[in-house]
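First comes the structure, then the notes that go with it.
We count ligands from 1, going down the list as the structure has it; atoms in each ligand are counted the same way. All residue numbers in this chain count up from 1 along the given sequence. These numbers come from a predicted model, not from an experiment. Just so it is clear, the values below take in all heavy atoms, side chains as well, and ignore hydrogens, waters and symmetry mates.
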Amino acid sequence: MIHQKRRHALLNELDDNAIVLVSTNPEKNRSGDVNYPFRVHSDFYYLTGFQEPEALAVFSKENYTIFLRPKDKIREIWDGKRLGIDDAPNTLKSNHAFSIDLLKEKLPQIILNNQVYFDTKTCQLDNDISRLLSNHQLKSLAPTLHEMRLIKDMLEINIMQKAANISIKAHQLAMQTIQPNMFEFEVQSIFDGYFTKNNAQHAYTPIIAGGENACILHYIENNKKLNKNDLILIDAGAEVDCYASDITRTFPVNGQFSRAQKQIYQIVLDAQINAINVIKPGVKINEPHKVATNIIKQGLINLGILKTGADLSQFYMHGTGHWLGLDVHDVGQYKKDDHHRKFVAGMITTVEPGIYIRKNDKISPIYHNIGIRIEDDVLVTTSGNTVLTKSLAKEINEIESLMS
Ligand SMILES: [Mn+2]
């Protein structure tokens with residue numbers, strides 16, 4: 001029912017004679033005859049709730065037609081059960097269901113002279129269908145649909161809290177398990193195991209980065225040994241029912257922060273907490289970044305690491321957050337008419353400042369190879385915000401006592 005509601009809400013925002021086409025992702029080959037695990041297209045899932053590959057939905061105010069794979073005795077023995085044409089209308093609440101093989105034949109009779117909304121960029125169609133659609137003036141669905149996806153409903157918030165809770169538990173387990181000389185992939189296996197045990201999967205390739213590897217922002221090799229005097233940065237989040245969580249914690253491999261590590265960590269933590277605290281409806285969405293960068297700048301100047309604010313980008317070179325939802329870097333505009341938009345209740349954003357200090361002759365060696373990021377998932381509420389990931393330790397004493 002929720003998907004039907006969403007289709008109606010979307011159509012209400014489009015032209016009266018709108019007809020919407022949305023298809024799922026293509027399957028991707030990994031090697032030989034093995035594919036990557038299939039992941040439904042987020043727009044398609046949001047509007048249909050249907051997770052099989054090779055499917056396309058067409059709907060207007062009057063009609064909803066789904067094209068999908070027909071039942072197939074042999075393929076179902078090899079690849080698994082299919083919903084099939086007969087059961088689709090009842091299960092998916094569509095008026096009609098046809099085999100995906102009939103798409104080329106049926107589509108012209110369905111779209112007729114209506115205004116077609118379709119995103120060629122996000123949804124792939126075979127050449128015949130693309131040629132067929134090239135006779136129509138297509139309008140993009142994304143601006144309207146992605147505004148809808150940006151504001152989460154209660155069902156979505158509950159699923160995302162569930163994903164957050166699983167991630168929190170896995171991060172706690174990692175803090176309690178990590179020992180010097182373990183390998184990063186052994187740490188990753190804690191997340192693999194805990195997510196799988198809870199019927200979740202990774203929302204993105206996890207970053208398990210010991211010591212200097214934490215200064216590589218998208219480090220995913222996860223294959224080095226953890227040195228006892230290093231920090232470890234873990235950016236890992238579970239996906240539940242296609243919804244992402246996204247958490248980063250950084251902590252000492254041996255359970256005790258050194259003085260230098262504490263100094264840098266406390267700057268990032270102060271930046272993160274103060275950035276979260278400004279989030280509420282009506283505040284511009286770049287405000288958390290402003291707050292975080294000011295605190296990081298001042299903190300690094302106080303330690304003599306930074307001379308002037310202009311050099312900050314060598315230590316902090318990424319944004320302070322992104323939308324979170326069906327995609328880990330979720331859809332939704334950050335600016336409107338070239339100006340940063342304002343927070344609205346129902347948005348979910350990450351807040352993730354960091355400091356990354358590589359080897360550098362001009363900086364005291366006690367700070368070398370320290371890479372720290374702290375990331376939480378924040379829901380904007382009518383009165384302010386709720387941190388979905390708040391129960392995971394991030395204060396220095398909380399982390400040290402959890403690890404002892
Ligand atoms: Mn993130």
Taking the Mn ion (ligand 1) as the centre, how many protein N/O/S atoms fall inside a distance shorter than 2.8 Å?
-> 4

Any chance you could lay out the salt bridge (Lys or Arg N to Asp or Glu O under 4.0 Å) test for D153 and K5, step after step, and finish with the verdict?
-> CA-CA 11 Å; D153 57 41; K5 244 191 186 163; over 6 Å; no

Compute both the distance and the angle, then confirm whether K106 meets the cation-pi test with F98: under 6.0 Å from the six-membered ring centre, within 45 degrees of the axis.
->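 Yes; both conditions hold, so K106 lies above the ring face of F98.
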
Below 6.0 angstrom between ring centroids: does that apply to Y356 and F315?
-> no

How about F118 and H136: are their ring centres within less than 6.0 Å of each other?
->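 No.
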
For D376, which residues count as a salt bridge (Lys or Arg N to Asp or Glu O under 4.0 Å) partner, sequence neighbours excluded?
->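 Result, salt bridge (Lys or Arg N to Asp or Glu O under 4.0 Å) vs D376: R249, K394.
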
Separation of T389 OG1 from D377 CG (nearest 0.5 Å) | 4.5 Å

